[in-house]
Amino acid sequence: SHVHGALLLVGLQPGTPGVWRWDGVRPVATPPTGDGIDVLVAWRDASGQEREAPLASWAESTSDGATLDAAADPNGFCFAGSVMARQGGGEVYRADIDGTIVGLTAFGGETVAWRRMESPESGVKTPHWIAKASIPPAGTPVVVRLRAR
């Protein structure tokens with residue numbers, strides 16, 4: 001909710017998170033909407049130099065090794081805005097509960113969402129995008145930067 005508020009303060013307009021619905025035969029995707037956002041990650045490499053990269057460059061295709069940012073439509077991420085959900089007799093900001101501030105797949109409550117819908121279920125579709133082997137080692141502190149387009 002704090003990230004949502006900050007994005008409103010810089011003038012971005014939220015849309016809606018992506019959702020999956022069952023049409024009786026198969027899952028049907030409704031992509032997220034909202035103003036465009038660049039999602040970047042920053043970290044220090046082994047020599048202590050700060051590096052920065054688009055988050056989508058950390059995902060690569062299992063078929064040809066292309067990165068998600070290179071294969072993406074030009075819209076990439078958007079300010080989907082999450083949703084309010086009922087919990088404990090009141091309403092809460094769903095991303096606060098789920099912890100889904102930035103999502104590469106749609107679970108329906110992301111504040112910032114990837115516009116292209118990919119099923120989060122490997123039983124529905126074999127995963128096509130995986131974490132790149134060359135990203136910083138596990139445990140490396142990173143800073144996530146959101147920039148209005």
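Keep in mind that this is a model prediction, so the values were computed, not measured.
Across all their heavy atoms, Leu12 and Ala148 have their closest contact at CD2-CB, 3.8 Å. Counting all heavy atoms, side chain and backbone alike, Leu8 lies closest to Pro14 at CD2-CD, 3.7 Å. When all heavy atoms are compared, the tightest approach of Arg115 to Gly36 is NH2-N, 3.6 Å. Taking both residues in full, the closest heavy atoms of Ser57 and Thr67 are given as O-CG2, 3.6 Å, listed atom of the first, atom of the second, then distance. The shortest non-hydrogen separation linking Ala66 to Trp129 is O-CZ3, 3.3 Å.
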Do Met84 and Tyr93 pass the side chain to side chain contact (heavy atoms under 4.5 Å, CB included) test, and can you show the C-alpha distance, the side-chain angles, and the key distance before you say yes or no?
CA-CA 5 Å; Met84 298 302 289; Tyr93 188 74; 4.1 Å; yes
For residues 97-108, please give each side-chain donor-acceptor pair under 3.5 Å, one per line with the distance, not counting sequence neighbours.
{"unit_1": "Asp98", "atom_1": "OD2", "unit_2": "Arg94", "atom_2": "NE", "d": "2.7"}
{"unit_1": "Thr105", "atom_1": "OG1", "unit_2": "Glu118", "atom_2": "O", "d": "2.4"}

Residues 131-142, side-chain donor-acceptor partners within the protein, below 3.5 Å, at least two apart:
{"unit_1": "Thr140", "atom_1": "OG1", "unit_2": "Pro137", "atom_2": "O", "d": "2.7"}

Donor-acceptor contacts under 3.5 Å from residues 24-34 side chains, at least two apart:
{"unit_1": "Arg26", "atom_1": "NH1", "unit_2": "Asp23", "atom_2": "OD2", "d": "2.6"}
{"unit_1": "Thr33", "atom_1": "OG1", "unit_2": "Thr16", "atom_2": "N", "d": "2.9"}
{"unit_1": "Thr33", "atom_1": "OG1", "unit_2": "Thr16", "atom_2": "OG1", "d": "3.2"}

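Exactly one residue among Thr111, Leu40, Leu55, Val39 makes a side-chain contact (heavy atoms from CB on, under 4.5 Å) with Leu146. That residue is Val39.
Considering only heavy atoms from C-beta on, Val83 comes within 4.5 Å of Pro17 through its side chain. By the 4.5 Å heavy-atom criterion applied to side chains, Glu91 and Arg86 are counted as neighbours.
For the atom pair NE2 of His4 and CG of Leu9, the computed distance is 10.0 Å after rounding to the nearest 0.5 Å. To the nearest 0.5 angstrom, Gln49 atom CD is 10.5 Å from Trp43 atom CH2. Within the model, atoms CD1 of Ile37 and SG of Cys78 stand 7.5 Å from one another, a figure rounded to the nearest 0.5 Å.
A continuous path of hydrophobic side-chain contacts links Val10 to Phe77 [ILVMFWY only; heavy atoms under 4.5 Å]. Under the 4.5 Å side-chain heavy-atom criterion for grouping Ile, Leu, Val, Met, Phe, Trp and Tyr, Met117 is not connected to Leu68 through any hydrophobic cluster.
Look at Arg149 and Asp38 and you find a salt bridge, because one of the NZ, NE, NH1 or NH2 atoms lies within 4.0 Å of a carboxylate O, short of that distance.
With Asp35 contributing its side chain and Phe79 its backbone, the two residues share no donor-acceptor pair below 3.5 Å.
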